[in-house]
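Let me begin by presenting the structure, written as structure tokens, before commenting on it.
Both ligands and their constituent atoms are indexed starting at 1 by order of listing. In this chain, numbering begins with 1 at the start of the sequence shown. In what follows, every heavy atom counts, from backbone to side chain, and hydrogens, waters and symmetry copies are set aside.
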Amino acid sequence: MSATSAEIAQIAEPQKVKVNLLGLSAEKLTQFFATIGEKPFRSTQVLKWIHQMGVDDFDEMTNLSKGLRERLKEVAEIVAPEVVSQQDSVDGTCKWLIRVEGGSCIEAVFIPEKDRGTLCISSQIGCSLDCSFCATGKQGFNRDLTAAEIIGQLWIAAKFFGSLGRKADRVVSNVVLMGMGEPLLNFDNVVDAMGLMLHDNAYGLSKRRVTLSTSGVVPMIDRLGDVSDVSLAISLHAPNDELRNELVPINKKYPIAMLLDSARRYLDKMPGNRRKITIEYTLMDQINDRNEHAHELAELLSDIPCKINLIPFNPFSGSDYRRVSNTTLNRFRDILHNAGHTATIRTTRGDDIDAACGQLAGTVNDKTRRSERYQRQSQERPVRFVN
Ligand code: SAH
Ligand code: SF4
């Protein structure tokens, strides 16, 4: 478990729960050491052991006295979630199935590219938002991941590649919160975990290389802008409210105009040289892929510094949507280009191991019973598998 401030404060008391140091931000770790009567520099030492050396055994922390190590063993632990399996795609992508407390499994995916390695991590077990084209949404929702479970995915991957702490030959250079879940609905834990990704004594990633993707939880975009300036991606998928209401149900609460206003406010808080967001647009055959949609999108985004990332829909079992052709993708991109936008097509990676965008489903002990309803509905109609 990752600990709250209240739990950290209990440390001086007879121990009920061991604090999992893996998920503690640098500030919380300093606070933890203060409660056991230790100086702040212990936090730096232990952060480095955990996140740069991948150590989860206090006995290996050789610059701590034996007495302190014994004390730490009594009150604390370093526990990452458990890797159940690893699958490797023919294209080099690799996916970990990771069991978290309570028995559900989440997924994290590593995508190697020429000049970088991107780890796509999950923030919740399932998702409560139920976008119509997303496998995670169809799995229903179990709970938020703890900060330890979120940063644990990076810890696992970096340790696997043996590249913790060595900036020069770091394998995981980028992290995207684009796996299972809506990160802004698990705000505090996500912010703590991102703090560790950026912290020099932990992973030391650049803010440009940590991207949070949201379906549009407007008040939380504002809160994020107050505490962080990581890169922001907005899952738009439609150029008007009528269509977006169908695809992304949270649009009924926070329609496009409100969403784009919050994006503008986020941009205003960013330093000038980084003032750009990513707009994600998943293209589905005959749903949101017409020329008019592209023109409408270009117009909608005309005053927002952004790059548009076009994602071909990735099919999953039970979904009726179809992937668009490459011709359509190129045509859509060209319309955006001609209107002066930067638009790129996200190449599908790892779809042979169901690791592509929107295919992450894990095994969610669904508390919403949505997955049952979805399975029933998809059994009642012919299931189409689209290649
Ligand atoms: N909940 C957040 C982050 C996770 S989803 C969000 O919605 O932004 C990450 C990205 O994958 C989003 O842009 C999402 O819309 C996209 N996605 C979901 N299902 C998809 C599918 N089946 N094919 C392609 N992209 C998909
Ligand atoms: Fe949740 Fe994002 Fe999937 Fe929508 S697209 S259901 S917000 S994970």
Q. Side chain, backbone, both or neither: which part of T136 has a heavy atom under 4.0 Å from ligand 1?
A. neither
Q: For H51 and Y203, test the side chains for any donor-to-acceptor distance below 3.5 angstrom and give the result as yes or no.
A: yes
**Q.** ligand 1 atoms in contact with S215 (distance to a heavy atom under 4.0 Å)
**A.** 6 (C), 7 (O), 8 (O)
Q. Does NZ or CZ of R223 fall inside the cone over F187's six-membered ring, less than 6.0 Å from its centre and within 45° of the axis?
A. yes
Q.
Evaluate G181 for polar contact with ligand 1, using N/O atom pairs at a separation under 3.5 Å.
A. yes
Q: Could you tell me whether the side chains of N309 and E280 share a donor-acceptor contact shorter than 3.5 Å?
A: no
Q.
Pair R275, D268 - check salt bridge (Lys or Arg N to Asp or Glu O under 4.0 Å), show working.
A. CA-CA 8 Å; R275 217 161 273 161; D268 285 344; 5.4 Å; no
Q. Are the aromatic rings of Y281 and H293 close, with centres under 6.0 Å apart?
A. no
Q: Measure centre to centre between the rings of F110 and F160, then say whether the value is under 6.0 Å.
A: no
Q: Would you mind telling me if ligand 1 is within reach of the side chain of N314, the backbone, both or neither, using heavy atoms under 4.0 Å?
A: both
Q. Backbone or side chain, does any N or O of F316 fall under 3.5 Å from an N or O of ligand 1?
A. no
(Q) Could you work out, for atom 3 (C) of ligand 1, the closest of S213, A233, P312 by heavy-atom distance? (A) S213
Q) For ligand 1, which atoms, with element, lie under 4.0 Å from some heavy atom of I311? A) 24 (C), 25 (N)
Q: Taking only heavy atoms of T214 into account, list the atoms of ligand 1 that are under 4.0 Å away from them.
A: 6 (C), 8 (O)
Q. What about the rings of F41 and F33, do their centers lie closer together than 6.0 Å?
A. no
(Q) Name the residue from I156, L145, L177 that meets the side-chain contact (heavy atoms from CB on, under 4.5 Å) definition with I121. (A) L177
Q. Heavy-atom contact under 4.0 Å between A135 and ligand 1?
A. no
Q. Taking atom types as modelled and ignoring hydrogens, do the side chains of N240 and E296 form a donor-acceptor contact shorter than 3.5 angstrom?
A. yes
Q: Classify the side-chain pair E182/S123 by whether it contains a donor and acceptor separated by less than 3.5 Å.
A: no
Q: Name the option, out of G216, G126, G181, that contains the heavy atom nearest to atom 8 (S) of ligand 2.
A: G181
Q. Going hydrophobic residue to hydrophobic residue with side-chain gaps under 4.5 angstrom, can you get from L129 over to L243?
A. yes
Q: Please identify which atoms of ligand 1 are closer than 4.0 Å to at least one heavy atom of E280.
A: 10 (C), 12 (C), 13 (O)
(Q) Under 4.0 Å from a heavy atom of C134: which atoms of ligand 1 are those, numbered in the order shown and with their elements? (A) 18 (C), 19 (N)
Q: At a cut-off of 2.8 Å, list the protein N/O/S atoms near atom 4 (Fe) of ligand 2, residue plus atom name.
A: C131 SG
**Q.** H237 and ligand 1 - part of the residue with a heavy-atom distance under 4.0 Å
**A.** side chain
Q: May I have the step-by-step check of salt bridge (Lys or Arg N to Asp or Glu O under 4.0 Å) for D241 and R244, ending in yes or no?
A: CA-CA 5 Å; D241 284 326; R244 194 164 192 264; over 6 Å; no
(Q) Is the contact between M178 and ligand 1 made by the side chain, the backbone, both, or neither, using heavy atoms and a 4.0 Å cut-off? (A) both
**Q.** Expected output: side-chain K159 to main-chain G54 donor-acceptor under 3.5 Å
**A.** yes
Q. For ligand 1, which atoms sit closer than 4.0 Å to a heavy atom of G179?
A. 4 (C)
